[in-house]
Amino acid sequence: MQIFINNQEIEIFRGATVMDAILSFSKHEYHLVKTGQTIVLDRFGKLTEPDGELTEGQVLILKKINP
Amino acid sequence: MIKKLIFFLAGIVLIFSLHTSGQQESLPESTEIIILHVNDMHSKIDNLSKFAYLADSLRKIHPIVFLVAAGDNFTGNPVVDMVEDKGYPMIDLMNRCGFNVSAIGNHEFDMGQELFNYRMDQATFPFISCNIKVTGGILKQPKPFIAMNAGKDISIAFLGAIELNDQGIPDTHPSRVAGLKFSDPVKKMKEFAWLKDKYTLLIGLTHLGVETDVILADSMPQLDLIIGGHSHTLIDKPLIHNGVQIVQAGANLKYVGKTTLVVDKGRLIERRDEIIPMTDLTRVNPQVQALIDKYNQNEAFSQVVGVAETPIDGYDEIGSLMTDAIKNRLKVDFAFQNQGGIRIQHIPNGNITMKDVYQLDPFNNQIVIYRMNLAEITSLICNAFNIEKSIDLQVSGLNYTITTNNEGKCGSVEIIDNLGKPFNPAKEYTVAVNSYMAASYRFNHRDTGTTASQTSVQVLIDYLSDVKKVNYSGVKRTFLNGEK
């Protein structure tokens, strides 16, 4: 399954969650999302829960939260 | 005199008109319909008492309140998923809350079709989906939609649909949806556009993810509303496509969505949606809370699931137990477990409880299955070794020996079966790893991999319950630089 994180194509297994994909994308970003320093938005700018399930071609945007 | 008569008549007309307009104000013709919607609750039962209180409170002031779930009610909490009557606590609590309908989500199949049939029978509300056809499976054919009255001369049809992956099935293990035929959700839903002519309102209750919900909205303007799930999206500001509003309330019952639909003379004239964080609600329904407390104090965690005949010590022995569980339960050729995922170094001889297993494997990782040849398996073993510069992967189904090069990195890997014979390098094997490894380890694989929709901890509990007694004394399957 292919999805996109910050415009970068990611190949991930079928049935993966948002967090699985972010871990595959970057361990650093994974840590930031896990600790609440970064949030995950979809292509419509809506907040996506980290355990959300992915669909083919889905777009995720990682956004840092201002302290 | 004539002037006086005109003023008198005008006064009567004015009084009469004020009187009748006052009557119109006290007798509104529009009807407010409240829909409380949740999605992807994933067995998270703790907030259901707050949800029940909110529903009870709304019912006191609104005559028409519906409670709906957009699928994936199950999977995600051991007090619901790992008890003897798998999934029943969720159904019991949803019944007590007064749910009216649920879409079928992919995780509804995690417990298997037979058990899901029982849960559907126990539910006082229907599970719906229009794109599932039972051709040879044992699932009871779900209804595509359900229609309900919503006040005088107003009716609502809820039309369900479930997501499909690129293999044409929902994201669950293929064996759990055997004998079921799935069709494209958007195309299938469009076949039900006629519902809009028969019922006042047509609502899509979908488990498709927000991206597919948008495609659905763009191609089916007959829908008055889409209540979605699957992608765990928090839609806190209106998302409207092609005139169709799409709503979704996060996941895990951290939020509840409250949609208000106003119907006047058979037409929808207003719709509002608000997201209510559960942390904003303080009151609970005491009966539902008592049930939640009962389910949370489940003694199943002290339940003995197996017996260790000898102590099970270290990564080799414990890793061998964990991977044997995966290999045997999921019927794969090989299973691998990373050492970082083994959180206990010693299991004493005697009883192994469910709590012990959760302490051993607390991460809730899914199992992912790949089809791989020997060269790809070698790349998995080597890359895992090179991260830590030591043996990382425990295994079932094979033994391996790594020989390092002069940089201390993995130079070559000898892979043999339990009798010491080599495997066929041209053959493809089924290989299971956990989702952490699947996402973070770099290794060659042509197959994208597919989740088995089971966690490693679930698999281990089921395995121990099957075999009853285990003995891993002296078991070692991974070797470095010629060690025996």
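A note on names: the letters A, B, ... follow the listed sequences, proteins ahead of strands, and every chain is numbered from 1.
The pair B:K258-B:D273 does not count as a salt bridge, with every side-chain nitrogen at least 4.0 angstrom from each carboxylate oxygen. At a threshold of 4.0 Å, the pair B:K254-A:E49 counts as salt-bridged, since one of the basic side-chain nitrogens sits closer than that to a carboxylate oxygen. Note on B:E428 versus B:R446: salt bridge recorded, some NZ/NE/NH1/NH2 to OD/OE distance being below 4.0 Å.
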Enumerate donor-acceptor pairs with a distance under 3.5 Å from any side-chain N or O in residues 234-242 of chain B to protein atoms, sequence neighbours excluded.
residue : atom : partner : partner atom : Å
B:N242  : ND2  : B:A217  : O            : 3.0
B:N242  : ND2  : B:D218  : O            : 3.1

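The nearest pair of heavy atoms linking B:E376 to B:M372 is OE1-CA, 3.2 Å.
Classification of the B:H232-B:H42 ring pair by plane angle, with boundaries at 30° and 60°, yields tilted.
A:D42 touches chain B through its side chain: at least one heavy atom from C-beta onward sits under 4.5 Å away, while N, CA, C and O do not. Only the side chain of B:H107 has a heavy atom closer than 4.5 Å to any heavy atom of chain A. Only the side chain of A:T55 comes within less than 4.5 Å of a heavy atom in chain B; its backbone stays farther off. Interface remark: A:Q58 contributes backbone and side-chain atoms alike to the contact with chain B (heavy atom separation under 4.5 Å). For chain A, the nearby part of B:L208 is the backbone; its heavy atoms alone come within less than 4.5 Å. Residue A:V18: no heavy atom, backbone or side chain, is found under 4.5 Å from chain B. Neither the backbone nor the side chain of B:N365 comes within contact range of chain A; no heavy atom of the residue lies under 4.5 Å from a heavy atom of that chain. Both the backbone and the side chain of B:V210 come within less than 4.5 Å of a heavy atom in chain A. Using a 4.5 Å cut-off between heavy atoms, A:I10 makes no contact with chain B at all. Residue contact with chain A, scored on non-hydrogen atoms closer than 4.5 Å, involves the backbone and the side chain of B:Y436 alike.
Interface remark: of the candidates B:N252, B:N165, B:D171, B:D171 forms the most heavy-atom pairs closer than 4.5 Å to chain A. Highest contact tally toward chain A, considering only B:L164, B:T233, B:D72, B:D447, is held by B:T233 [criterion: heavy-atom pairs under 4.5 Å]. Ranked by heavy-atom pairs under 4.5 Å with chain A, the first of B:V214, B:T212, B:I369 is B:V214. Between chain B and the residues A:K27, A:M19, A:K46, A:E56, the most heavy-atom pairs under 4.5 angstrom are made by A:K46. Ranked by heavy-atom pairs shorter than 4.5 Å toward chain B, the options A:L47, A:I12, A:V40 are led by A:L47.
The shortest side-chain heavy-atom distance between B:L180 and B:F109 falls under the 4.5 Å cut-off.
Within the model, atoms CD1 of B:I377 and OH of B:Y370 stand 13.0 Å from one another, a figure rounded to the nearest 0.5 Å.
A side-chain donor-acceptor contact under 3.5 Å links B:D361 and B:S456. Side chain to side chain, B:H173 and B:S175 meet the donor-acceptor criterion of an N or O pair below 3.5 Å.
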